[in-house]
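Computed from a predicted model, the values in this text were never measured in an experiment. Whatever order the structure lists them in is the order used to number ligands and atoms, beginning at 1. In this chain, residues are counted from 1 in sequence order.
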Amino acid sequence: MRIAMIGGGYVGLVSAACFAEFGIEVAVVENSPERLSALQDGRIPIYEPGLDTLVASNMQAGRLSFGDDIAAAVRGAEAVFIAVGTPPRNGDGAADMQYVHAAAKQIAQALTGYAVIVTKSTVPTGTSRRIAGIIRETRPDADFDVASNPEFLREGSAIGDFMRPDRVIIGLDLDAPDRGARAESIMRRVYRPLSLIEAPLLFTGLETAELTKYASNSFLAMKISFINEMADLCDKLGANVHDLARGMGLDNRIGKKFLHPGPGYGGSCFPKDTLALSRIGQEAGSPCRLVETTVQLNDARKIGMAGRIIAACNGDIAGKTIAVLGLTFKPETDDMRESPSIPILHRLSEAGATLRVFDPVGHDTARPMLPPETIYCTDALDAATGADALVVLTEWNIFRAMSPTAIKKVMAGKIVVDLRNIFDPQAMKEAGMTYQSIGRPEKIRHT
Ligand code: NAD
Ligand code: UGA
């Protein structure tokens with residue numbers, strides 16, 4: 001079987017490599033010359049654990065190739081996946097569809113025989129039908145179906161998520177004369193290897209599949225905002241947010257995951273997709289008020305975290321040195337998009353602090369987004385050296401293993417603000433640190 005993937009970014013590249021690993025011949029089309037030449041040279045332009053070896057072995061096996069010739073890639077492909085970006089449109093938060101529409105037009109021009117055109121990008125409801133319209137306008141003779149196959153992988157664990165998904169959603173045109181049967185049979189073949197691990201393949205209509213993606217991301221974002229509010233309440237009332245999350249999560253109807261409090265969610269998707277769903281609801285005359293509120297809460301939370309750090313430093317950080325551990329929006333990625341570190345570090349810098357930062361892989365992506373005076377250090381202890389306060393922003397595993405006494409030894413001050421709750425409060429106290437985390441107040445009430 002042969003397929004084409006339009007877009008070699010996070011989703012396109014991971015999906016293409018995993019499909020190739022399934023034994024499918026995959027031709028990736030990438031229109032950024034820098035990204036393409038890196039890929040053709042076997043260099044991976046993003047940091048994603050395991051991706052380099054997966055790409056290399058499948059290139060070597062002749063199942064995975066990269067190019068910019070869409071006609072060559074589409075020729076003989078039974079499915080053509082669109083995995084281009086859908087960033088927020090300036091001004092109103094709706095998804096910017098220009099890249100998807102351009103890709104649809106290029107695919108139409110390149111089609112030589114029947115293919116199913118599959119949207120993997122996260123797109124507003126109605127996009128698959130719009131793509132069908134663009135293809136028909138461009139090539140009235142084209143023989144094709146459309147399908148929607150939103151992707152649920154997470155950065156940092158993308159390969160595992162793709163290979164062992166909780167579910168695969170495939171939307172088909174249920175209004176087509178054969179109710180999308182031809183497309184269904186191709187999509188079943190594409191995902192056949194997953195039947196061995198009994199991953200559910202859920203077939204729906206096009207609109208349902210498209211909306212399920214936004215609903216899933218928004219629900220997870222809402223869950224995080226909920227636990228963040230509970231953490232703040234725990235701080236006020238002397239309760240422990242981790243015990244609370246466990247107590248809630250053991251109820252299978254709630255579930256344990258995504259109940260870890262922090263400085264607010266970031267990344268390339270939750271912030272953009274919650275905004276886009278808010279916009280979709282408003283345009284449809286059916287506002288999604290919980291999601292709209294989640295957007296506001298999360299924006300305010302990220303900014304508010306700087307205030308929390310300043311308060312921990314007795315209200316004044318002018319002339320002080322603050323060590324920051326972790327810059328990326330989550331561990332195991334170099335992605336800085338919408339990372340809470342961006343607004344937090346800008347505020348701290350404006351308030352007069354000197355910032356000594358360390359992130360295991362994020363320095364290059366962080367540099368253009370952070371205050372220019374930021375000092376990038378060689379490791380976590382180097383960042384802590386001489387600092388008046390230390391702040392944890394991303395929960396990289398190597399930070400968890402740091403000894404509080406070793407931190408104390410190199411710091412000038414003794415304030416630690418742990419916005420990911422990675423350290424043991426008791427161990428910090430014993431080392432003589434003034435330690436603050438989220439939703440774990442020093443005095444838990446036992447009433
Ligand atoms: P990305 O920006 O990393 O990658 C998109 C790539 O497509 C870029 O390399 C770009 O150069 C290329 N491209 C754009 N137009 C093209 C064209 N006409 N021909 C060939 N190449 C073209 O974006 P991403 O993070 O991979 O996200 C893609 C989509 O997947 C978005 O809709 C996003 O919401 C969704 N998504 C992303 C993730 C994630 O973890 N990043 C997870 C699930 C879903
Ligand atoms: C998220 C979804 O989890 C994926 O299913 C989806 O495919 C993807 O968005 C997408 O559409 O792009 P991702 O953004 O890579 O994946 O990372 P997550 O692990 O979901 O984390 C997102 C943010 O939420 C991070 O800033 C993280 O620190 C934060 N988070 C997550 C918390 O604060 N608490 C939690 O309990 C979980």
Arg89 meets the salt bridge (charged side-chain N to carboxylate O under 4.0 Å, His left out) criterion, sequence neighbours left out, with Asp92
Look only at interatomic distance and state if Cys269 has a nitrogen or oxygen under 3.5 Å from any nitrogen or oxygen of ligand 2. no
What protein heavy atom lies closest to atom 16 (O) of ligand 2? Include the residue and the distance to one decimal. Arg154 CG, 3.4 Å
Enumerated ligand 1 atoms positioned under 4.0 Å from heavy atoms of Glu155: 39 (C), 40 (O), 41 (N)
Compare Phe329, Tyr265, Phe258 and give the one whose heavy atom is closest to atom 24 (O) of ligand 2. Tyr265
Report yes or no: does Arg154 have a heavy atom closer than 4.0 Å to ligand 1? no
Any chance you could measure Leu345, atom CG, to Glu350, atom CD, to the nearest 0.5 Å? 11.0 Å
Looking only at protein heavy atoms, identify the closest one to atom 31 (C) of ligand 1 and say how far it is in Å. Thr86 OG1, 3.5 Å
Could you tell me whether some N/O pair between Arg420 and ligand 2 is separated by less than 3.5 angstrom? yes
What do we get for Cys269 next to ligand 1 when only non-hydrogen atoms under 4.0 Å count, side chain, backbone, both or neither? side chain
Less than 3.5 Å between some nitrogen or oxygen of Glu155 and one of ligand 2, yes or no? yes
Could you tell me if any non-hydrogen atom of Glu338 lies under 4.0 Å from any atom of ligand 2? no
Residue and atom name of the nearest protein heavy atom (relative to atom 30 (N) of ligand 2), distance in Å to one decimal: Ile224 CD1, 3.4 Å
Phe162 vs Phe19 aromatic rings, parallel, tilted or perpendicular, using cut-offs 30° and 60°? perpendicular
Close-contact set for ligand 1 against Ser32 heavy atoms, below 4.0 Å: 11 (O)
Within the 3.5 Å criterion, strictly below it, is a donor on Asp96 or Gln98 matched to an acceptor on the partner's side chain? yes
Heavy-atom distances under 4.0 Å decide this one: backbone, side chain, both or neither, for Leu153 against ligand 1? both
Can an N or O of Gly266 be found at a distance shorter than 3.5 Å from an N or O of ligand 2? yes
Does a side-chain N-to-carboxylate-O contact under 4.0 Å join Glu78 and Arg189? yes
Any idea which protein heavy atom is nearest atom 23 (O) of ligand 1, and the distance to it? Gly85 CA, 4.3 Å
Tell me which protein heavy atom sits closest to atom 35 (C) of ligand 2, plus the residue, atom name and distance to 0.1 Å. His260 O, 3.6 Å
Say whether, by atom type as modelled, one donor and one acceptor occur between the side chain of Glu210 and the main chain of Gly126 under 3.5 angstrom. yes
To the nearest 0.5 Å, what is the distance between CZ on Arg440 and OG on Ser437? 3.5 Å
I'd like to know if the side chain of Asp359 pairs up with that of Tyr376 as donor and acceptor (distance under 3.5 Å, no hydrogens or angles considered). no
Give a yes or no on whether the backbone of Asp334 and the side-chain of Thr328 come within a donor-acceptor separation of less than 3.5 Å. no
Would you mind checking if Glu34 and Arg43 are paired as a salt bridge, meaning a charged N to carboxylate O distance below 4.0 Å? no
Contact (N/O only, under 3.5 Å) between Leu153 and ligand 2: yes
Any ion pair linking Glu151 and Lys120 (charged N to carboxylate O, less than 4.0 Å)? yes
May I ask you to check whether Gly264 has an N/O atom sitting below 3.5 Å from an N/O atom of ligand 2? no
From Leu290 atom CG to Leu297 atom CG, the distance as rounded to the nearest 0.5 Å: 10.5 Å
Honestly, is Arg192 close enough over Phe22, meaning NZ or CZ under 6.0 Å from the six-membered ring centre and within 45° of the axis? no
Tell me the protein heavy atom at minimum distance from atom 36 (N) of ligand 1, and give that distance in Å. Val11 CG2, 3.4 Å
Considering only heavy atoms, which of Val100, Ile82, Ile6 lies nearest to atom 19 (N) of ligand 1? Ile6
Flag Asn217 as yes when one of its N or O atoms lies below 3.5 Å from any N or O atom of ligand 2, and as no otherwise. yes
Is the shortest distance from a Lys or Arg side-chain nitrogen in Arg301 or Glu229 to a carboxylate oxygen in the other one below 4.0 Å? no
Nearest protein heavy-atom contact for atom 28 (C) of ligand 1: which residue, which atom, what distance? Val84 O, 3.4 Å
Side-chain ion pair, Asp424 and Arg400, N-O less than 4.0 Å: no
side-chain contact (heavy atoms from CB on, under 4.5 Å) partners of Ile44, counting only residues at least two apart: Leu13, Ile46, Leu51, Asp52, Val55
Return a yes/no value for Thr122: is any of its N or O atoms, backbone included, closer than 3.5 angstrom to an N or O of ligand 2? no
protein heavy-atom neighbour closest to atom 18 (N) of ligand 1 works out as Gln106 OE1, 3.1 Å
What protein heavy atom is closest to atom 16 (C) of ligand 1, reported as residue, atom name and distance in Å? Asn31 ND2, 3.3 Å
What atoms of ligand 1 come closer than 4.0 angstrom to any heavy atom of Lys272? 33 (C), 34 (O)
Which class fits the ring pair Phe423 and Tyr435: parallel under 30°, tilted 30 to 60°, perpendicular over 60°? perpendicular
Shortest protein contact, atom 10 (C) of ligand 1 (heavy atom only): Glu30 OE2, 3.4 Å
For Glu151, which part has a heavy atom under 4.0 Å from ligand 2: side chain, backbone, both, or neither? backbone
Looking only at protein heavy atoms, what sits closest to atom 5 (O) of ligand 2 is Phe152 O, 2.7 Å
Could you say whether the N/O atoms of Lys330 and ligand 2 ever approach to under 3.5 Å? yes
Between Pro371 and Thr374, is there a side-chain heavy-atom distance shorter than 4.5 Å? yes
If we ignore angles and hydrogens, is there a donor and acceptor under 3.5 Å between the side chains of Gln436 and Asp418? no
Identify the protein heavy atom lying closest to atom 7 (O) of ligand 1, giving its residue, its atom name and the separation to 0.1 Å. Gly7 CA, 3.4 Å
Yes or no: does Arg337 have any heavy atom under 4.0 Å from an atom of ligand 1? yes
Ligand 1 to Val29, heavy atom cutoff 4.0 Å, flagged ligand atoms 20 (C), 21 (N)
With heavy atoms of Ser268 as the reference, note each atom of ligand 1 found under 4.0 Å away. 41 (N)
